[in-house]
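Below is one structure; the comments refer to it alone.
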Amino acid sequence: MPFKTNALPIGTAQQVYAADKFMVEELLIPSAVLMENAAAAARKVMFEQIPNFLTSHVLVICGPGNNGEDSLVLARQLAVNKITIEVLVLPDALSDSAQQKCQVLRKMGLKVHEWHEGFDLAACVHSHDVIVDAIFGIGLTRPARGQYEQAIRAINQSDALIVSLDIPSGITSDTGETLGEAVYCDICVILGILKAGNLINYGYAHIKSCFLSSLSAPYQQYTTEQASVDVFINSPVLLPERAKTGHKTTFGQCLTIAGSSNYYGAPYFSCSSFLKTGGGYVRLITPQSVAKSIASLLPECVFLPVDDHDNLQQYLGQIDTQCPNQDFIIFGPGISLAKQNLQILEHLLTAQKWRQVPLLIDGDGLSILAINHQLLSVRLPYTTILTPHPGEMSRLTGLSIDQIEADLINIARRYAAQWKVILVLKGPRTIIATENAAFVNTSGTDALATPGSGDILDGMIAALACTGIELVEAVRAAVFMHGLIGNHLSAHDTPSGFTASDILSAIPAAAGLYKQKCQEYISHNSADSIPGITLV
């Protein structure tokens with residue numbers, strides 16, 4: 001049964017092939033029409049996005065397969081628009097229809113080069129302003145070798161503007177990993193359905209801007225109604241309006257258990273972001289030394305200090321007193337790895353009287369949880385949120401960071417399904433995973449890559465969870481809004497050198513931007529409201 005959402009689907013290579021087959025065999029859309037539409041989409045993007053494109057010299061580098069054939073159609077369309085264009089066909093057996101398209105180009109007077117020993121690839125590449133990369137598509141399963149590897153390397157060494165069709169050559173469609181050499185492109189024109197390889201890992205790092213074309217065919221409708229697609233772009237979620245007659249408890253009460261002698265900032269950022277995102281009332285259980293240090297910075301917080309040492313019973317007593325009255329609990333930011341903290345976490349996870357209260361575990365809490373995952377089994381499903389970065393995910397799973405980053409979506413989904421949690425796997429493209437679906441977040445910049453940023457996200461999740469929407473929707477909204485802070489900071493200042501204090505100060509601006517993006521998305525159901533993707 002397909003997962004129901006209006007978010008843009010992200011398809012695997014197998015699902016994309018099935019969608020193409022459905023368009024041709026069931027809807028009777030000729031494959032030639034889809035190719036013409038793919039070329040038209042790329043042509044439109046090039047005219048709109050490349051300065052002085054009419055006077056550019058364009059080189060199309062064509063490999064085997066449908067991707068290469070699309071590029072031959074693009075070459076013809078550009079030539080009709082009076083663009084100076086040449087084609088380089090890399091050595092392999094072209095299909096009969098591709099050979100026919102090459103013949104058409106020759107008859108039109110275009111230079112169609114065929115790779116041969118002694119061909120001056122460097123001279124050919126460096127004599128053009130724009131290069132269309134159509135060497136490999138989504139079917140790549142092994143590293144490029146020989147002339148293909150040389151061509152990719154030459155593209156990357158050129159000063160030309162690079163346009164990749166569907167996915168940069170050398171990037172795997174399903175995981176975004178590289179297989180040997182991979183193209184760095186300025187523009188990627190994605191055809192029909194988004195691929196994970198366009199968005200995560202090296203796919204994200206190798207693409208400056210993404211443009212998605214439906215090819216004038218119902219690809220999104222097919223994937224959401226008939227295919228088993230359950231991975232989506234994280235689109236903005238509509239948040240309820242604040243109650244005009246509300247008071248502080250109307251907007252939620254959050255209990256935060258955080259901080260230790262080495263980590264004073266984590267509880268401050270977590271509690272502050274809860275309030276700045278609209279949360280009503282926050283309490284902090286923390287050692288006395290931490291409370292004294294941050295009290296003047298956070299006078300809006302209710303402090304529940306415990307002794308700096310031998311404080312287990314004080315922690316448990318405060319938790320038993322406070323938890324039943326809370327709407328949300330955060331455990332772990334800067335809590336330290338002291339042995340007693342496993343007992344505190346066990347107490348939080350196993351108590352029946354508050355097992356329905358949403359609980360977010362982050363920071364050191366995740367490392368403590370890694371010692372005994374079974375503690376999660378007594379919680380109600382999907383009332384627990386874990387927010388690891390890849391290092392913390394490595395401790396939770398026993399996998400290496402490299403293994404996790406090579407398969408972000410699947411690893412996040414398997415863990416979420418196994419332990420019945422909402423998993424937020426943080427990174428340049430944060431993954432939100434449950435048993436039923438995963439969402440790839442595209443908002444954000446490297447301005448967020450700074451200590452304390454994750455603690456701020458914790459408080460934002462807590463605040464939005466207190467608005468009354470479903471918990472997974474609150475998580476999605478908070479991750480999207482947190483990313484918008486990075487977009488806001490990078491747009492208004494230099495893209496580096498930001499601190500968590502800068503992120504905290506930008507929450508109100510990001511909340512306003514989020515509301516705007518949300519209204520755009522709902523009003524127009526448009527991916528143009530999602531950072532990093534433009535519909536064509």
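All residue numbers refer to positions in the sequence shown, counting from 1.
In this structure, the side chain of Thr256 does not engage the main chain of Ala258 through any donor-acceptor pair within 3.5 Å. Without hydrogens or angle criteria, Asn487 side chain to Gly444 main chain gives a donor-acceptor distance under 3.5 Å. The backbone N or O of Leu464 lies less than 3.5 Å from a partner atom in the side chain of Thr467, making a donor-acceptor pair. Using modelled atom types, one side-chain atom of Thr321 and one backbone atom of Gly317 make a donor-acceptor pair closer than 3.5 Å. Formation of a donor-acceptor pair under 3.5 Å by the Glu181 side chain with backbone atoms of Ala144 is not found in this model. With hydrogens and angles disregarded, no donor-acceptor distance shorter than 3.5 Å links the side chain of Asn341 to the backbone of Gly365. The closest donor-acceptor contact from the side chain of Arg242 to the backbone of Gly278 lies under 3.5 Å. Under the 3.5 Å distance criterion, the side-chain polar atoms of Asn201 are left unmatched by any main-chain donor or acceptor of Gly203. With hydrogens and angles ignored, the 3.5 Å screen pairs no side-chain donor or acceptor of Glu473 with any backbone N or O of Glu470. When atom types are taken as modelled, the side chain of Thr172 and the backbone of Glu177 share a donor-acceptor pair closer than 3.5 angstrom.
A donor and an acceptor atom, one from each side chain of Asn262 and Ser260, are nowhere located under 3.5 Å apart. No hydrogens or angles considered: nothing links the side chains of Asp186 and Gln49 as a donor-acceptor pair under 3.5 Å. A donor-acceptor contact closer than 3.5 angstrom links the side chains of Thr499 and Asp502. Side-chain contact check for Ser490 and Thr445: at least one donor-acceptor pair (N or O, by modelled atom type) lies under 3.5 Å. Between Glu520 and Gln516, the side chains place a donor N or O and an acceptor N or O closer than 3.5 Å (distance only, hydrogens not considered). Using modelled atom types and a 3.5 Å distance limit, the side chains of Arg476 and Ser235 yield a donor-acceptor pair.
With sequence neighbours excluded, no residue satisfies side-chain hydrogen bond (donor to acceptor under 3.5 Å, both in side chains) with Thr430. Remark: Ser272 engages no residue in a side-chain hydrogen bond (donor to acceptor under 3.5 Å, both in side chains) (not counting sequence neighbours). Applying the side-chain hydrogen bond (donor to acceptor under 3.5 Å, both in side chains) criterion to Lys420, with sequence neighbours excluded, gives no partner residue. Residues passing the side-chain hydrogen bond (donor to acceptor under 3.5 Å, both in side chains) test with Asn198, sequence neighbours excluded: none.
Contact annotation: the side chain of Val282 never approaches that of Ser270 to less than 4.5 Å [non-hydrogen atoms, C-beta and beyond]. Inter-residue side-chain proximity for Asp133 and Cys185 is flagged as unmet; no heavy-atom pair is nearer than 4.5 Å. By the 4.5 Å heavy-atom criterion applied to side chains, Val183 and Phe136 are not counted as neighbours. Contact annotation: the side chain of Leu369 approaches that of Leu349 to within less than 4.5 Å [non-hydrogen atoms, C-beta and beyond]. Here the side chains of Ile171 and Thr178 are in contact, with some heavy-atom distance below 4.5 Å. A heavy-atom distance below 4.5 Å is not found between the side chains of Thr383 and Leu359. Contact check for Ile431 versus Ile200: side-chain heavy atoms found under the 4.5 Å cut-off. Residues Val357 and Asp327 are not in side-chain contact: their nearest non-hydrogen atoms beyond the backbone lie 4.5 Å or more apart.
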Glu346 and Asn372: CA distance, side-chain angles, deciding distance, side-chain contact (heavy atoms from CB on, under 4.5 Å) verdict:
CA-CA 9 Å; Glu346 181 177 0; Asn372 189 358; 5.9 Å; no
Steps toward side-chain contact (heavy atoms from CB on, under 4.5 Å) verdict (Leu375, Leu342)
CA-CA 10 Å; Leu375 293 173; Leu342 177 59; 4.2 Å; yes
Check the pair Ile10 / Ile233 against side-chain contact (heavy atoms from CB on, under 4.5 Å), numbers first and verdict last.
CA-CA 7 Å; Ile10 301 171; Ile233 286 290; 4.1 Å; yes
Given side-chain contact (heavy atoms from CB on, under 4.5 Å), test Ile257 with Gln318 step by step and report yes or no.
CA-CA 10 Å; Ile257 305 159; Gln318 291 282 25; over 6 Å; no
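When every heavy atom of Ala510 is checked against every heavy atom of Ile485, the shortest pair comes out as CB-CG1, 3.3 Å. Closest of all the heavy-atom pairs between Ser443 and Val479 is OG-O, 3.9 Å. The two residues Arg413 and Ala437 have their closest heavy-atom pair at NH2-N, 3.6 Å. The heavy-atom pair separating Leu380 from Gln356 by the smallest distance is CD1-CG, 3.0 Å. Closest non-hydrogen pair, Ala447 versus Leu489, comes out as CB-CB, 4.4 Å.
Every pair tested for ring pair (Phe, Tyr, Trp, His ring centres under 6.0 Å) that includes a residue from residues 285-322 fails, sequence neighbours excluded, so the list is empty. The salt bridge (Lys or Arg N to Asp or Glu O under 4.0 Å) analysis of residues 385-395, with sequence neighbours excluded, yields no pairs. Residue pairs meeting the ring pair (Phe, Tyr, Trp, His ring centres under 6.0 Å) criterion with at least one partner in residues 334-392, sequence neighbours excluded, are His347-Trp354, His373-Tyr415, His373-Trp419. Counting only residues at least two apart or in different chains, side chain to side chain donor-acceptor pair (under 3.5 Å) contacts with residues 275-300 comprise Gln253-Arg283, Arg283-Gln322, Ser289-Asp308. Here salt bridge (Lys or Arg N to Asp or Glu O under 4.0 Å) pairs that include residues 358-373, with residues two or more places apart or in two chains, are Asp362-Lys426. For residues 448-481, the ring pair (Phe, Tyr, Trp, His ring centres under 6.0 Å) pairs, not counting sequence neighbours, are Phe480-Tyr514. Applying the salt bridge (Lys or Arg N to Asp or Glu O under 4.0 Å) test to every pair with at least one member in residues 189-204, sequence neighbours left out, gives these pairs: Asp166-Lys195.
Summarising the geometry, atom CD1 belonging to Ile162 is positioned 6.0 Å from atom CD1 belonging to Ile155; distances are rounded to the nearest 0.5 Å. One finds the SG atom of Cys210 at 11.5 Å from the CG atom of Leu535 (value rounded to the nearest 0.5 Å). In this structure, Asp230 CG and Glu435 CD are separated by 11.0 Å, a value rounded to the nearest 0.5 Å. Between Asp458 atom CG and Phe331 atom CZ the span is 12.5 Å, to the nearest 0.5 Å. Of the inter-residue distances, the one linking Glu405 atom CD with Ile411 atom CD1 reads 10.0 Å to the nearest 0.5 angstrom. Separation of atoms NE2 (His488) and CE (Met481) is listed at 13.5 Å; rounding is to 0.5 Å.
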Show me the donor-acceptor pairs, under 3.5 Å and distance only, between side chains in residues 450-457 and residues at least two apart or in other chains.
from	atom 1	to	atom 2	distance (Å)
Thr450	OG1	Phe498	O	3.3
Ser453	OG	Leu448	O	2.9
Ser453	OG	His482	NE2	3.2

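Other residues, nucleotides and ligands contribute at most 12 non-hydrogen atoms within 6.0 Å of the OH atom of Tyr202.
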